[in-house]
K.L.:
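Dumping the structure here so I can ask a few things about it.
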Amino acid sequence: MQRIRLRYTKRGRLRFTSHRDFQRAFERALRRAEVPMAYSAGFTPHPKVSYANAAPTGTGSEAEYLEIQLTEARDPERLRGLLDGSLPPGLDVIDAVEAHTSNLAERLQASVWEIRLEGVDPDEAERAAAAFLVAETVQVERMTKNGLRTFDARGAVARLEALTAPVDRPGDPACAILRLVVRHLTPAVRPDDVLSGLRATADLAPPVPAAVTRLAQGLLDEESGTVTDPLAPDREAALAAPPTAAGLTAAMAPEGSA
C-alpha cells in the first residue's frame, strides 16, 4: 500500500467551490487518470482519500492538502501531472510526495492568509492592525450550526502586517493588503473573524467584500511567526531511506502510466 500526499490550489472562480464539490471533482479525476486507488470496506466502498483542513468556501488557496492510498506503486510526479490534467483549471495539483511519515494533519498548525482590501488606504489598514495587535483579547461573534457563538479572535493571530498593494494604473482607488499568520485552534479563527475584530477594535470597514487567499499552511515557528512546508519531512525521509521495491517499480514504470 502506497500513500501519496498532494498539494492543490483553489484559484479564480474556483474559490467558490465547496469542499463537497471538490471531493466529487477529485474522485472523477481519480477515475479519469486510472489511479489504482485503495477502497474502504463495507456496503458502500469509497476511495481512501484523507482531506486536511480545507479552506472555507469563497476563499482562494495556494496550499490545500490531501492524502491518497494506492494499491500499486506510482511515481508521485507522474501521478501529479495526470491528476492535474484531469481537474478543471483553478483546481491545480502543484506538488506530490510519497508519504514516509505519519500525521500530516498534525503538521498543519497555522495558515498564512492574504486579505486584499479594495478601497482601503494602507495607512488606515496599518493603524487598524496595530490596534488589533495591542489588544489582549478581541471578542467576535459568528453564527454557527449551533447558534451565535462568541470567541476571542486575537489569541489565534501569531502575526499581522499591513502592506500597500501595487497600483496598476494612475487614478486607481487605494488598496491595502493584510498578511496574517493564524494558528489552527478550537474554535477555528477564520480571516473573516479577524476582519470582524478589526472592525471592533479600529472601525475598519472595507467598502467592498475582501478577497481572501491562503498562501501557505504548515508547521508554525513561534519565534519568527513563519509557517514551513508540511511536506518537507516526507522529502527528507525519502532522501534518507534506501530504495524500496515499490519505489523501484514506480521508477521503472513506462512513461505515461498511471
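Sequential numbering from 1 along the given sequence is applied to the chain's residues. Computed from a predicted model, the values in this text were never measured in an experiment.
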K.L.:
Could E222 and R159 be called an ion pair, given the rule that one side-chain N must be under 4.0 Å from one carboxylate O?
P.N.:
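Salt bridge absent between E222 and R159.
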K.L.:
For Y51, what residues pass the ring-ring contact (aromatic ring centres under 6.0 Å, His included) criterion, not counting sequence neighbours?
P.N.:
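Testing Y51 for ring-ring contact (aromatic ring centres under 6.0 Å, His included), a comparison that skips the adjacent residues, returns H19.
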K.L.:
Given 3.5 Å as the limit, does a donor-acceptor pair link the side chain of R7 with the main chain of E62, or not?
P.N.:
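Indeed, once roles are kept as given, a pair shorter than 3.5 Å links the two residues.
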K.L.:
Check the pair R5 / T101 against side chain to side chain donor-acceptor pair (under 3.5 Å), numbers first and verdict last.
P.N.:
CA-CA 11 Å; R5 289 169 176 168; T101 63; 3.1 Å; yes
K.L.:
Would you call R142 and D193 a salt bridge, taking side-chain N to carboxylate O under 4.0 Å as the test?
P.N.:
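Answer for the salt bridge query: yes.
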K.L.:
Using atom types as modelled and distance alone, determine if a side-chain donor or acceptor of T213 lies under 3.5 Å from a backbone N or O of L215.
P.N.:
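No, the answer is negative, given that no donor and acceptor are paired below the 3.5 Å cut-off.
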K.L.:
For residues A96 and P76, report the shortest heavy-atom separation together with the two atoms involved.
P.N.:
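Minimum heavy-atom contact is CB-O, 3.4 Å.
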K.L.:
Test your reading of the model: is there a side-chain donor-acceptor pair from N146 to the backbone of T144, 3.5 Å cut-off?
P.N.:
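No, because the side chain of N146 does not come within donor-acceptor range (under 3.5 Å) of the backbone of T144.
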K.L.:
Looking only at heavy atoms, what is the nearest atom pair of Q139 and D152, with distance?
P.N.:
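That closest heavy-atom pairing would be NE2-CB, 3.7 Å.
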K.L.:
Give a yes or no on whether a salt bridge exists between R179 and E114, defined as a side-chain N under 4.0 angstrom from a carboxylate O.
P.N.:
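Yes, charged N to carboxylate O under 4.0 Å.
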K.L.:
For R235, I'd like to know if atom CZ has over 12 heavy atoms of other residues, nucleotides or ligands within 6.0 Å.
P.N.:
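Above 12, so yes.
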K.L.:
Closest approach of P122 and T164, non-hydrogen atoms and distance?
P.N.:
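Between these two residues, the closest heavy atoms are CB-OG1, 3.4 Å.
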K.L.:
Which pair of non-hydrogen atoms, one from L82 and one from S86, has the smallest distance, and what is that distance?
P.N.:
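That would be O-OG, 2.9 Å.
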K.L.:
Could you give the side-chain donor-acceptor pairs of residues 125-137 under 3.5 Å, partners two or more places apart or in another chain?
P.N.:
none

K.L.:
Could you check if a side-chain atom of L79 sits within less than 4.5 angstrom of a side-chain atom of I68, using non-hydrogen atoms only?
P.N.:
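Answer yes - side chains close enough.
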K.L.:
Judged by atom type as modelled, is there a donor-acceptor pair below 3.5 Å linking the side chain of E141 to the main-chain atoms of T150?
P.N.:
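A pair under 3.5 Å: no.
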K.L.:
Less than 4.5 Å apart, side chain to side chain, heavy atoms only: is that true for H100 and E236?
P.N.:
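Side-chain contact under 4.5 Å: no.
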K.L.:
Taking all heavy atoms of Q217 and all of S111, pick out the closest pair and write down the distance.
P.N.:
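That would be CB-OG, 3.5 Å.
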K.L.:
Checking E67 side chain against L104 main chain: does a donor-acceptor pair fall under 3.5 Å?
P.N.:
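No; judged by distance alone, with no hydrogens or angles, the pair does not exist.
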K.L.:
So do T9 and L91 actually touch side chain to side chain, heavy atoms under 4.5 Å?
P.N.:
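SC-SC contact between L91 and T9 ruled out.
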K.L.:
Would D192 and R190 pass as an ion pair if we require N to O under 4.0 Å?
P.N.:
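Salt bridge: yes.
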K.L.:
Could you pull out the closest heavy-atom pair between D234 and E98, with the gap in Å?
P.N.:
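Residues D234 and E98, closest heavy atoms: CB-O, 3.7 Å.
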